[in-house]
Amino acid sequence: MANSAGFHEAEDALRPETKDEHRALTSMQEELEAVDWYGQRVDAASDAELRAILAHNRDEEIEHFAMLLEWLRRRSPKVALEMAQRLDTTGSIVAAEQAGKAAAADAGADGGSLGIGSLKGGSSL
């Protein structure tokens, strides 16, 4: 896992909301890492009762991750939008992504652009 426990910018330059989001994201990483570790231990354990305990612990970590994800969804319109568009769907995940990009490109061709240019560099001026 990436080492993201610390802030990358001076703490006094960060809004309290940014600090809380960082705490949530770091916790999410830790929960996912624990899910992975417990999953491996479930596979490796030879004792059935130990496997059941480890599987239970893994599932608790999944619950913790889901709770943090919901907290983030409630606070970030972009996360909420992406989750609404991508979760609980059927069919090819990649095909849905490509269809979304094609629709966005069509909207831009139809005058849907705000004319501000790319955020990756360059200018529309």
Side-chain angles (χ1 to χ4, degrees):
M1 280 263 149
N3 183 4
S4 297
F7 294 106
H8 295 282
E9 298 292 336
E11 277 191 66
D12 60 352
L14 302 176
R15 296 177 299 120
E17 298 85 2
T18 300
K19 292 176 187 180
D20 280 344
E21 184 174 297
H22 174 77
R23 289 178 182 107
L25 292 169
T26 300
S27 294
M28 291 169 74
Q29 290 176 343
E30 293 164 354
E31 299 296 348
L32 289 174
E33 186 173 50
V35 169
D36 180 37
W37 290 358
Y38 279 120
Q40 291 179 45
R41 291 172 184 157
V42 168
D43 285 356
S46 59
D47 181 271
E49 187 171 16
L50 176 58
R51 279 195 311 273
I53 292 167
L54 293 171
H56 168 82
N57 292 352
R58 177 203 56 217
D59 294 347
E60 289 286 324
E61 303 299 341
I62 292 169
E63 176 187 342
H64 302 161
F65 172 80
M67 292 167 66
L68 288 160
L69 182 59
E70 176 59 13
W71 179 90
L72 183 61
R73 184 197 64 79
R74 291 179 184 188
R75 282 155 181 80
S76 170
K78 178 61 176 167
V79 171
L81 174 65
E82 292 295 334
M83 289 177 68
Q85 290 177 345
R86 299 177 192 287
L87 298 182
D88 200 26
T89 62
T90 59
S92 169
I93 296 167
V94 174
E97 163 70 6
Q98 292 169 341
K101 284 185 178 180
D106 289 345
D110 294 345
S113 171
L114 296 176
I116 58 174
S118 171
L119 297 177
K120 294 182 180 178
S123 172
S124 64
L125 300 177

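- If you take NE2 on H22 and CD on E17, they are separated by 15.5 Å, rounding to the nearest 0.5 Å.
- Other cluster members for V35: I62, joined by side-chain heavy-atom distances under 4.5 Å among Ile, Leu, Val, Met, Phe, Trp and Tyr.
- Across all their heavy atoms, L14 and K19 have their closest contact at O-CE, 3.7 Å.
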**Derivation and outcome, side chain to side chain contact (heavy atoms under 4.5 Å, CB included), residues V79 and E82** = CA-CA 5 Å; V79 171; E82 292 295 334; 5.9 Å; no
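- Here the CG atom belonging to L69 is positioned 9.5 Å from the CG atom belonging to L32, to the nearest 0.5 angstrom.
- Both L87 and M28 are part of a single hydrophobic cluster, where members link through side-chain heavy atoms under 4.5 Å apart.
- The same ILVMFWY cluster, assembled from side-chain heavy atoms under 4.5 Å apart, contains both M83 and L25.
- In summary, the side chains of R15 and T18 do present a donor paired with an acceptor at a separation below 3.5 Å, with no hydrogens or angles considered.
- Summarising the geometry of L54 relative to A45, their closest heavy-atom pair is CD1-CB, 4.2 Å, with the distance given to 0.1 Å.
- A donor and an acceptor atom, one from each side chain of E61 and N57, are nowhere located under 3.5 Å apart.
- Among all heavy-atom pairs drawn from S27 and L68, the shortest one is CB-CD1, 3.6 Å.
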**Asked** Step by step, would you call D59 with E63 a side chain to side chain contact (heavy atoms under 4.5 Å, CB included)?
**Response** CA-CA 6 Å; D59 294 347; E63 176 187 342; over 6 Å; no
Donor-acceptor contacts, no H, no angles, side chain residues 95-104, under 3.5 Å, sequence neighbours left out:
unit_1	atom_1	unit_2	atom_2	d
E97	OE1	R86	NH1	2.9
E97	OE1	R86	NH2	2.8
E97	OE2	K101	NZ	3.3

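- For residues 67-77, the side-chain hydrogen bond (donor to acceptor under 3.5 Å, both in side chains) pairs, not counting sequence neighbours, are E70-R73, E70-R74.
- Following chains of ILVMFWY side-chain contacts shorter than 4.5 Å, one cannot reach Y38 starting from F65, and the two form parts of different hydrophobic clusters.
- Linking ILVMFWY residues whenever their side-chain heavy atoms come closer than 4.5 Å, directly or via other members, leaves W37 and V42 in distinct clusters.
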